[in-house]
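Below, chains carry the letters A, B, ... as their sequence lines are ordered, and counting in each starts from 1.
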Amino acid sequence: MTIRTRFAPSPTGYLHIGGARTALFSWLYARKHGGQFILRIEDTDLERSTAESVNAILEGMTWLGLEYDEGPFYQTHRFDRYKEIIQQLLDTGHAYHCYCSKEEVDAMREAQMANKEKPRYDGRCRHRTGTPPAGVPPVVRFKNPLEGQVIVDDMVRGKVVFQNSELDDLIIARSDGTPTYNLTVVVDDMDMQINHVIRGDDHLNNTPRQINILKALGAEPPRYAHVPMILGDDGKRLSKRHGAVSVIQYREDGYLPEAVINFLARLGWSHGDQEIFTVDELTQLFDVEDINQSASSMNTSKLQWLNQHYMKESPPERIAHHLSYFLGKLGIDPTDGPALAEVIVAQRERAKTLVDLAGSCQFYYHDFDSYDAKSAKKAFKPEAVNILEQVKQGMAALEAWNRENLHQLIADTVETLEVGFGKVGMPLRLAVTGGAPSPDLDLTLYLVGKAACLRRIDQAIAYIQQNVEND
RNA sequence: GUCCCGUUCAUCUAGAGGCCUAGGAUAUCGCCCUUUCACGGCGAGUACAGGGGUUCGACUCCCCUACGGGACGCCA
């Protein structure tokens, strides 16, 4: 059997992190088994579905690299098919018209709640006879079996039993004739030959109804896997108020897609003690059976650790590709200065995100006009003027601008002036970087370049003479 | 309220009756490395929700309670 999975978001907002994980799991499962992954847009809620949301979802999936084999299919394009099925259900006696008003049904629910019962439609229109009330457009309800039980043999939950007596006759077509979710999902999964449904566990309660509809249609239900939801850092349910829940927001915040994928995969799924997974490894090792049964919380600091890991391990060219957007935001043109790849290698272990990295690249490309106050207090002593002057002269006289010579120059200066290494290193570093975290001094100087170094040393000397009291 | 699901360190998790005085990872803290900041190395603390069974033996199986979540829509 060819494995066919699907991701079926409703376009009422961006692709959030929970949806992305569900999509990832479905995608991985299909890939692992050489099957197909289908994208379906569940846009039957005409009121809330938007084209922007569709775009946001597609953009998020593309960024993560979750390419689909078929689709995107839009449910709004399939209304004829749903009508056909609804009619079939009506014809075979599996569905009926219901003329109950909203108010009537609401009252019913309230009474049941007050009576400590589970609120549900009591089926009063099931056996309605006679002429239908005039001017009332009916809804269509599915005739759910009254007795027996439905067993959902879930791939992550195990067997879950529902009594049919707990279920009511759900609406499958609205009074305007449009189909509702539980009907469309069943028809689509059937028509698209989806045989493995991996989705959020908020759908577990819908599953027995869907199985009943499938049975009424004479179709074989797919296998189901209900994955637990993702909570925010604070253990509360994810919402717009919880910060970065949109996948695109993570891109904006400077995360690499491979870090997000790795992070998402490890949220609710595991393979022994392994933490780092390439996409290839995931497609090989992933299995629905290994998905956790309990909800998990976002762990942003672990995502950051993964992101830093991938920034350190990836080829600098790849990082540069993702970094350019963030450099642009800071007005940095990397062609105007040291080779970006070298700067990235020099700075990347000091950054958790691309935003950090871009920020830490700044001093290589731009001069600055202020110094970190704390460092300045420590390093910019009056005697530093002479030291910087010495270094500057040495630099100016340097034949070749490379790390070895710079290292030697500093060592010589230390020796000539008979001072500690720090006496030279600290003011020099501060003069050139402004106080930003930076790698080995000789590497820093080398990358910043001769002209900028000389210029900044002059600037530092002037600063000290102006701002630091001579004692 | 009713039904369904869940509960191992702060967080992500390993654990399929003895391998567990519960392992890994992140975070935190300490030490080492270091003229900055990091990286890296080493180390520390912190967890089986509670109570009953079953068993020679329970984190692992069963029941109850508590807590958390989900569903109960002419939303998906």
Rounded to whole angstrom units, what separation is found between the [atom1] atom of [X] and the [atom2] atom of [N]?
X: A:Asn292; N: B:A25; atom1: CG; atom2: P; result: 19 Å
X: A:Ile230; N: B:U11; atom1: CD1; atom2: P; result: 16 Å
X: A:Asp273; N: B:U26; atom1: CG; atom2: P; result: 12 Å
X: A:Asn262; N: B:U13; atom1: CG; atom2: P; result: 13 Å
X: A:Glu166; N: B:A71; atom1: CD; atom2: P; result: 17 Å

Close side-chain approach of A:Ile261 and A:Leu66, heavy atoms under 4.5 Å: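 Yes; the side chains approach each other to less than 4.5 Å.
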Looking at [N], I'd like to know if its phosphate oxygens (OP1 or OP2) sit under 4.0 Å from a side-chain N or O belonging to [X].
X: A:Arg350; N: B:U36; value: no
X: A:Ser297; N: B:C12; value: yes
X: A:Asn206; N: B:C4; value: no
X: A:Lys378; N: B:U35; value: no
X: A:Ser175; N: B:C74; value: no
X: A:Thr444; N: B:U36; value: no
X: A:Ser270; N: B:C12; value: no

Less than 4.0 Å between a side-chain N and a carboxylate O, is that true for A:Arg209 and A:Asp168?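 Salt bridge: yes.
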Can we say A:Asp80 and A:Lys83 salt-bridge, meaning some charged N sits less than 4.0 Å from an Asp/Glu carboxylate O?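 No, no charged N to carboxylate O under 4.0 Å.
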Taking the six-membered ring for Trp and the full ring for Phe, Tyr or His, determine whether the centres of A:His203 and A:Tyr181 are under 6.0 Å apart.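 Distance test on ring centres: under 6.0 Å, yes.
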Can you check whether any acceptor in the base of [N] is under 3.5 Å from a donor in the side chain of [X], or vice versa?
X: A:Arg120; N: B:C72; result: no
X: A:Gln112; N: B:G1; result: no
X: A:Lys118; N: B:C72; result: no

Run the side chain to side chain donor-acceptor pair (under 3.5 Å) test on A:Thr180 and A:Asn182 for me, step by step, so that the C-alpha distance in whole Å, both residues' side-chain angles and the decisive distance to 0.1 Å come before the verdict. CA-CA 6 Å; A:Thr180 61; A:Asn182 279 298; 5.8 Å; no
Has A:Arg141 got its NZ or CZ under 6.0 Å from the middle of the six-membered ring of A:Tyr121, at an angle within 45 degrees of the ring axis?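 Yes, A:Arg141 sits over the ring of A:Tyr121.
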Starting from the 5' end of RNA chain B, give me the residue, A:Trp305 or A:Pro439, whose nearest nucleotide shows up first.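 The residue whose closest nucleotide sits nearer the 5' end is A:Trp305.
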Nearest nucleotide by nearest heavy atom, which residue falls closer to the 5' end of RNA chain B, A:Asp45 or A:Asp440?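 So the residue in question is A:Asp440.
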Any strand counts, and the cut-off is 3.5 Å on both contacts for Watson-Crick or G-U wobble. Which nucleotide pairs with [N]?
N: B:A66; value: B:U7
N: B:C42; value: B:G30
N: B:G18; value: B:C56
N: B:A71; value: B:U2

Is the glycosidic angle of B:C39 within 90° of 0, making it syn, or outside that range, making it anti?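 What B:C39 shows is a syn base, its glycosidic angle lying within 90° of 0.
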